[in-house]
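So the structure is just underneath, and the comments pick up after that.
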Amino acid sequence: MLVMRAGAAKVRVDELAFTPDGSGLLAPALSAGLCYWPTITANAKSEMLTLPAKVVRHVAVSPDGRTVFAGSDQLAAFDLAGRTGPLLDIPKWAALRFGVSPDGRRVAVAEKLTDGRTTRLTLWDAATLDSPARELSFPALVHPTPVFTPGGGRLLLLEEHPVGNRWEFRRVTRAADTGEVLEQSDPLPDDPDQMVLSPDGTAVACRTRNTIRIYPAAGGLGEGPVITNDSKQHFTGIAYHPSGRFLAATSNDKTVKLYDVATGLQTTAFTWDVGRTRSIAFSPDGLLAAAGSDTGKVAVWDVDV
């Protein structure tokens, strides 16, 4: 195991993304910009990239590793080699969630509009990014990142729908080219903060406080495993291992735990002494894992599963 650190003070590493070749890491750093570790080495201090977007809360990397999409209420398409890139034409002050398709051809952006009850979904051609190829609005909120299915033809969203004076969360499948609803689940039993798709696209894991529920990615909600943190502390981030056999979870109890997705049983727990762990990511080949913390430190270790 080795530890790296952010290149700015008071950075909490709430998200992590490996570069597609697995050699580097990226992490949002709010008003400080974007942390970039070009190589993974012990005690490395990240470069701090200044982007056109004033605040960076989320990050996604194109499959070829050339473009980093990053922002919060603005979205920049940043060329990692040239250290430059435009802002997408999105109204200011929208709260954004965004994802890139596996083939790199599309970008999906979910914007929370100012009424606090409506989402504007825009679908962009990644080759141009001049204006949305498609846009639509609907009365729901999208909290976690939009997720493309492995083939790129469908988009999975976790949508919060108003029903009278309350809200219901549903797993919604939309066409990636039009945004049309293809399927939606029954209401979920809780209000997840994060949804991740399994590598084969057949299941989703949803994180809510100290519980993770695994559902089919299509059809009914089924009776999949329910994982509860044995420390009673809240989970803070989840990620599937590329093999699809394990789910990793970070937690306010300062651990990283691995769970067997078939049974929901814990297989391994790590305590890396970097602070409260906030985020987790695996390299594309599954050989490395990285966990970010509330101290700005990132632990990276070899995965043996």
Just jot down the side-chain hydrogen bond (donor to acceptor under 3.5 Å, both in side chains) partners of [X], sequence neighbours excluded, or say none.
| X | answer |
| --- | --- |
| Glu135 | Arg120 |
| Arg106 | none |
| Arg245 | none |

remark   = Joining Ile, Leu, Val, Met, Phe, Trp and Tyr whenever any side-chain heavy atoms lie under 4.5 Å apart, the cluster holding Leu16 also takes in Leu2, Met4, Val11, Val13, Phe18, Leu25, Trp37, Ile40, Leu288, Val298, Val300
query = With ILVMFWY side chains joined below 4.5 Å, transitively, what does Val55's cluster contain besides itself?
reply = Leu30
Taking only residues two or more places apart in sequence or in another chain, which ones pass side chain to side chain contact (heavy atoms under 4.5 Å, CB included) with [X]?
| X | result |
| --- | --- |
| Thr208 | Asp190, Asp191, Pro192 |
| Asp285 | Ser283, Leu287 |
| Ser198 | Asp200, Thr202, Ala203, Tyr240 |

Step through the shown structure and confirm whether more than 12 heavy atoms of other residues, nucleotides or ligands are within 6.0 Å of [atom1] on [X].
| X | atom1 | result |
| --- | --- | --- |
| Asn43 | CG | no |
| Arg66 | CZ | no |
| Asp89 | CG | no |

[atom1]-[atom2] distance between [X] and [Y], expressed to the nearest 0.5 angstrom:
| X | Y | atom1 | atom2 | result |
| --- | --- | --- | --- | --- |
| Phe78 | Thr67 | CZ | OG1 | 10.5 Å |
| Phe148 | Arg105 | CZ | CZ | 10.5 Å |
| Thr255 | Asn229 | OG1 | CG | 6.0 Å |
| Leu75 | Ile90 | CG | CD1 | 5.0 Å |

Check: residues 154-164 side-chain donor-acceptor pairs under 3.5 Å, at least two apart:
| residue | atom | partner | partner atom | Å |
| --- | --- | --- | --- | --- |
| Glu159 | OE1 | His161 | NE2 | 3.0 |
| Glu159 | OE1 | Arg174 | NH2 | 3.4 |
| Glu159 | OE2 | Arg174 | NE | 2.8 |
| Glu159 | OE2 | Arg174 | NH2 | 3.2 |
| Glu160 | OE1 | His143 | NE2 | 2.4 |

task = Evaluate the side-chain proximity of Gln74 to Pro52: yes if any heavy-atom separation is below 4.5 Å, no if none is.
result = no
request  = Would you indicate whether the side-chain heavy atoms of Leu188 and Tyr215 approach each other to under 4.5 Å?
outcome  =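 A side-chain contact under 4.5 Å exists here.
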key: Within residues 256-268 or reaching into it, pairs that qualify as salt bridge (charged side-chain N to carboxylate O under 4.0 Å, His left out) - sequence neighbours excluded   = Asp230-Lys257, Asp253-Lys257
inquiry  = Checking Arg12 now: which residues fulfil salt bridge (Lys or Arg N to Asp or Glu O under 4.0 Å) with it, not counting sequence neighbours?
reply    = Asp14
ask   = Ion pair present between Glu15 and Arg57, side-chain N to carboxylate O less than 4.0 angstrom?
value =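 No, no charged N to carboxylate O under 4.0 Å.
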Can you give each donor-acceptor pair under 3.5 Å made by side-chain atoms of residues 122-130, sequence neighbours left out, with the distance rounded to 0.1 Å?
| residue | atom | partner | partner atom | Å |
| --- | --- | --- | --- | --- |
| Thr122 | OG1 | Trp124 | NE1 | 2.8 |
| Asp125 | OD1 | Ala127 | N | 2.9 |
| Thr128 | OG1 | Asp125 | O | 3.4 |

ask   = In this structure, which one of Val261, Leu265, Thr267 forms a side chain to side chain contact (heavy atoms under 4.5 Å, CB included) with Thr263?
value = Leu265
